[in-house]
Amino acid sequence: MQQKFFQQQKPSLLAFVALLAGNISIAFGPLLVRFADSGPIATGFWRLALATPFLLAVGYRFGFRMSTVSRSTLWLIIVAGVFFGVDIVLWHIGIFQTKMANATIFANCASLLLVVYGVIGARKMPSRWEGAAILFAFLGAALLMGQSLELSPRHFTGDLLSLGAGLTYTVYLVSMIKVRQNTESWGALGMASAFAAVVLLACALFAGEQIIPTEWWPVVLLAFTSQFFGQGCLTYALPHFSPLVIGLALLLQPALSAAAGWLAFGETLTAMDFTGSALVMLALVLVRKQ
């Protein structure tokens with residue numbers, strides 16, 4: 001049982017592609033949050049509310065039935081949904097209160113925490129290939145983050161909120177890993193999204209935000225790229241890989257966020273950015289080889 005924290009039984013190429021595609025879709029979400037003209041928390045609510053019916057419909061098509069969900073699994077889904085809702089609240093506010101690079105760095109601390117969780121759960125050190133993948137991934141992430149990380153009083157609140165988002169997202173992922181051991185992916189994500197949407201709507205109303213956007217395209221696109229497709233693919237892939245592999249795959253997001261910043265805001269990419277991205281990609285190749 002301990003070995004499964006590092007290696008699952010022959011994950012399919014489809015699952016690996018889903019893991020990568022999900023992270024790619026999620027990585028471009030912050031751009032759409034910036035473009036939306038509703039409040040940041042309300043934008044998160046629409047992201048979930050618009051995607052949830054489609055997630056549940058796809059889940060039903062693949063055999064998901066709420067009546068078959070056990071009480072223990074339901075509680076795990078509720079916990080996952082609440083923490084996911086808190087994650088989006090903190091992340092969406094943090095995006096506007098710090099640099100985009102800082103927000104991406106701190107929010108992706110879940111990648112490190114999942115790797116640590118995998119090591120502790122397995123109670124054994126990674127294999128040679130896994131150790132090499134970890135080394136390349138974190139070296140690449142350090143290159144991507146090192147020159148853009150800026151700690152200052154002006155950005156402290158946003159940095160702290162983004163770090164909190166990373167911590168709560170880790171709890172969400174660990175909970176969903178357990179949920180996916182015996183539950184269909186799309187329906188489980190739909191239920192978790194529904195609980196998270198309730199949390200977000202309550203927080204948005206309490207904060208007095210503008211709930212209804214005047215421009216709908218950013219929230220609609222966010223719902224179907226980051227939530228339906230991105231989280232849908234990621235949730236599908238969860239039982240096929242160890243927490244270590246999932247954590248490494250999350251490191252794609254800082255690399256892609258750097259590219260998104262270049263495309264949307266003209267942020268210059270340096271040789272360190274390209275080298276860091278290449279090392280993260282190499283780590284994923286080593287994981288797939290293993």
For residues Ala196 and Gly81, report the shortest heavy-atom separation together with the two atoms involved.
-> CB-O, 3.2 Å

Can you list the residues that meet the side chain to side chain donor-acceptor pair (under 3.5 Å) rule with Asp37, with sequence neighbours excluded?
-> Thr214

Nearest non-hydrogen partners of Ala237 and Ala15, listed with the distance | CB-O, 3.6 Å

Determine all donor-acceptor pairs shorter than 3.5 Å in which one atom belongs to a side chain in residues 198-207; sequence neighbours excluded.
none

Plane angle bin for Phe54 and Phe224 - parallel if under 30°, tilted between 30 and 60°, otherwise perpendicular = perpendicular

Can you name the closest pair of heavy atoms from Ser175 and Ala80 and give their distance?
-> CB-CB, 3.8 Å

Report, one line per pair, each donor and acceptor closer than 3.5 Å where one atom sits in a side chain of residues 184-191; sequence neighbours left out.
| residue | atom | partner | partner atom | Å |
| --- | --- | --- | --- | --- |
| Glu184 | OE1 | Trp186 | N | 3.1 |
| Glu184 | OE1 | Gly187 | N | 2.6 |
| Glu184 | OE2 | Trp186 | N | 3.0 |

Do Phe35 and Phe229 sit in the same hydrophobic cluster, where Ile, Leu, Val, Met, Phe, Trp and Tyr count as joined when their side-chain heavy atoms come under 4.5 Å apart?
-> no

Which atom names give the shortest non-hydrogen contact between Leu48 and Thr52, and what distance separates them?
-> O-OG1, 2.7 Å

Does any N or O in the side chain of Thr168 come within less than 3.5 Å of the main-chain N or O of Ala165, such that one atom is a donor and the other an acceptor?
-> yes

Does any non-hydrogen side-chain atom of Leu32 lie less than 4.5 Å from one of Trp217?
-> yes

Check side chain to side chain donor-acceptor pair (under 3.5 Å) between Ser70 and all other residues, then give those that pass, not counting sequence neighbours.
-> Ser72, Thr73

Would you call the rings of Phe84 and Tyr172 parallel, tilted or perpendicular if under 30° counts as parallel and over 60° as perpendicular?
-> parallel

Would you check if the side chain of Gln227 reaches a backbone N or O of Ala51 as a donor-acceptor pair within less than 3.5 Å?
-> no

Give a yes or no on this: more than 12 heavy atoms of other residues, nucleotides or ligands lie within 6.0 Å of atom CZ of Phe96.
-> yes

Pro40 and His92: which non-hydrogen atoms are nearest, and at how many Å?
-> O-ND1, 2.9 Å

What's the spacing between Arg34 CZ and Ile95 CD1 if we round to 0.5 Å?
-> 7.0 Å

Can you tell me how far the OG atom of Ser162 sits from the CG atom of Leu167, to the nearest 0.5 Å?
-> 11.0 Å

Apply the test side-chain contact (heavy atoms from CB on, under 4.5 Å) to residues Gln231 and Arg47: give CA-CA distance (whole Å), side-chain angles for both, the deciding distance (0.1 Å), then the verdict.
-> CA-CA 11 Å; Gln231 289 293 337; Arg47 164 186 169 174; 3.8 Å; yes

Taking atom CH2 of Trp216 as the centre, does the number of heavy atoms from other residues, nucleotides or ligands within less than 6.0 Å exceed 12?
-> yes

Please identify each residue that fulfils side chain to side chain donor-acceptor pair (under 3.5 Å) with Ser38, with sequence neighbours left out.
-> Thr43

Separation between CG (Leu50) and CG (Leu221), nearest 0.5 Å, reads 11.5 Å

Supply the members, apart from Tyr236, of the Ile/Leu/Val/Met/Phe/Trp/Tyr cluster built from side-chain contacts under 4.5 Å; use none for a lone residue.
-> Leu14

Evaluate the side-chain contact (heavy atoms from CB on, under 4.5 Å) criterion for residues Leu222 and Trp46: first the C-alpha distance (whole Å), next the side-chain angles of each, then the deciding distance (0.1 Å), finally the verdict.
-> CA-CA 9 Å; Leu222 182 66; Trp46 288 114; over 6 Å; no

Output for pair (Leu163 CG, Leu90 CG), nearest 0.5 Å, gives 10.0 Å

Mind checking the CG-CZ spacing from Leu234 to Phe241? Nearest 0.5 Å is all I need.
-> 10.5 Å

Counting distance only, does the side-chain N/O of Thr68 pair as donor-acceptor with the main-chain N or O of Phe64 below 3.5 Å?
-> no

Roughly how far apart are Leu76 CG and Lys178 NZ, rounded to 0.5 Å?
-> 7.0 Å

Ignoring hydrogens and angles, tell me if any N or O in the side chain of Arg65 forms a donor-acceptor pair with the backbone of Tyr60 under 3.5 Å.
-> yes

Indicate the atoms forming the closest heavy-atom contact of Ile26 with Ser226, along with that distance.
-> CG1-O, 3.8 Å

